[in-house]
Amino acid sequence: MGEYYHWVNIDKKEYITPRDFDYGNKFWESMHKDSDPLHALRALLADEWRGDRVLWFGDEMRVTEHFPNEAIRILYAQSVEFGYPGDAYDMILDTYRNVSCLFKEAEEDVREEIGYYIKDYLELGRLEPYNEYGIDLEHPYEGLFLKTGRRYKYTINHTKKVYYSLDETDILFQNNTKNDFSDPLPILMGYGRVTEPGEWLGDIIGVSDSKPEGYLLLKKLYMDR
């Protein structure tokens, strides 16, 4: 079946999933530079997720207490707290809020999922143990589908003081041929079985349409290793 990924915010305890935007959520499936999930991610990084630690997290990787990256150690501590020691993916699905529901681009799929949730409640008189989208049953769609994802010119690593631009940075394969269709952010922030831990894993990432003063523009980024 393959490994499935979500964009996970370990500080807000929230995530978005490409599945809700009608994209595949395996490692490479929503990496197109103009994909709705990446535009939604950037809208969050510019607003509600500003200054938080975010990663592209796969469902086949466990987390450990002594991993060298702090973000993974935080996920391990959270998994222990909620009774899922080392199994952060299931912990995220059962305790984090899926905020894909905030986006207009995800409305069709999310409305359907919420409809199943409400139907079970009305027919069976009970709810699933976890309310995935954090809805109020009295007003289930209130506050949802109001945000729109967007592309920003610059993706900024505030921890490392570097940034890239899909217009100015060469996105390359290892043989130095250009990749004009992919965004390297999932590789830079990935943690899963099918990828090495990303170089930006656990860093503070931002977006802007203005160049960040005093930061270094990355001239090249590679899509494979």
Side-chain angles (χ1 to χ4, degrees), residues 3-18 25-28 30-31 37-38 40-100 130 132 134 152 154-164 169 183-208 212-218 220-225:
E3 186 175 30
Y4 297 99
Y5 282 75
H6 297 324
W7 285 104
V8 173
N9 181 327
I10 63 176
D11 294 309
K12 289 283 191 309
K13 296 184 178 178
E14 295 176 341
Y15 69 95
I16 58 174
T17 175
N25 58 336
K26 295 181 182 178
F27 186 77
W28 298 98
S30 60
M31 201 173 286
L38 281 172
L41 171 67
R42 285 185 162 85
L44 289 169
L45 290 173
D47 192 2
E48 292 95 332
W49 287 10
R50 182 192 296 267
D52 293 337
R53 288 163 292 190
V54 176
L55 63 158
W56 180 230
F57 191 76
D59 70 345
E60 295 184 7
M61 281 291 282
R62 293 181 66 81
V63 293
T64 62
E65 184 178 9
H66 302 294
F67 193 80
N69 187 282
E70 183 186 20
I72 302 305
R73 296 197 300 271
I74 290 171
L75 276 173
Y76 177 79
Q78 291 178 358
S79 74
V80 171
E81 177 186 354
F82 288 103
Y84 300 77
D87 184 4
Y89 192 85
D90 283 347
M91 180 271 297
I92 288 164
L93 293 185
D94 289 347
T95 66
Y96 281 33
R97 183 189 182 199
N98 179 355
V99 294
S100 302
Y130 181 60
E132 177 181 356
Y152 284 83
Y154 300 108
T155 302
I156 305 162
N157 185 319
H158 291 293
T159 304
K160 292 182 168 62
K161 308 293 186 187
V162 297
Y163 66 101
Y164 72 88
T169 302
D183 191 310
L185 195 57
I187 288 177
L188 292 168
M189 302 181 70
Y191 181 82
R193 179 183 58 80
V194 302
T195 182
E196 297 176 21
E199 296 174 15
W200 287 15
L201 188 64
D203 291 347
I204 303 301
I205 310 302
V207 291
S208 177
E213 299 247 347
Y215 286 42
L216 175 69
L217 171 66
L218 298 174
K220 297 180 181 180
L221 281 170
Y222 287 90
M223 292 299 300
D224 51 6
R225 300 180 183 184

Who passes salt bridge (charged side-chain N to carboxylate O under 4.0 Å, His left out) against Glu65, sequence neighbours left out? none

Applying salt bridge (charged side-chain N to carboxylate O under 4.0 Å, His left out) to Glu14 and not counting sequence neighbours gives none

Heavy-atom distance under 4.5 Å between the side chains of Ile72 and Leu201, does that happen here? yes

Non-neighbouring partners of Thr169 that pass side-chain hydrogen bond (donor to acceptor under 3.5 Å, both in side chains), sequence neighbours left out: none

Residues in side-chain contact (heavy atoms from CB on, under 4.5 Å) with Ala46, at least two apart? Tyr152, Val207

Qualifying residues under side-chain hydrogen bond (donor to acceptor under 3.5 Å, both in side chains), relative to Asp183, sequence neighbours excluded: Arg42, Tyr164

Partners passing salt bridge (charged side-chain N to carboxylate O under 4.0 Å, His left out) against Asp47 (at least two apart in sequence or in another chain): Lys147

Test item: Lys12 side-chain N/O and Glu48 main-chain N/O as donor-acceptor pair under 3.5 Å: yes

Applying side-chain contact (heavy atoms from CB on, under 4.5 Å) to Ala88 and not counting sequence neighbours gives Phe57, Val63, Leu75, Met91

Salt bridge (charged side-chain N to carboxylate O under 4.0 Å, His left out) partners of Asp59, counting only residues at least two apart: none

Tell me the side chain to side chain donor-acceptor pair (under 3.5 Å) pairs involving residues 72-82, sequence neighbours left out? Gln78-Tyr96

Note, Trp7 side chain near Leu44 side chain (heavy atom, < 4.5 Å): no

Name all residues meeting the side-chain contact (heavy atoms from CB on, under 4.5 Å) criterion together with Met61; count only those two or more places apart in sequence or in a different chain, and write none if there are none. Glu3, Tyr191, Arg193

Check side-chain contact (heavy atoms from CB on, under 4.5 Å) between Lys161 and all other residues, then give those that pass, not counting sequence neighbours. Tyr215

side-chain hydrogen bond (donor to acceptor under 3.5 Å, both in side chains) partners for Lys160, two or more places apart: Asp203

Can you find a pair of side-chain heavy atoms, one from Trp200 and one from Thr155, that are under 4.5 Å apart? yes

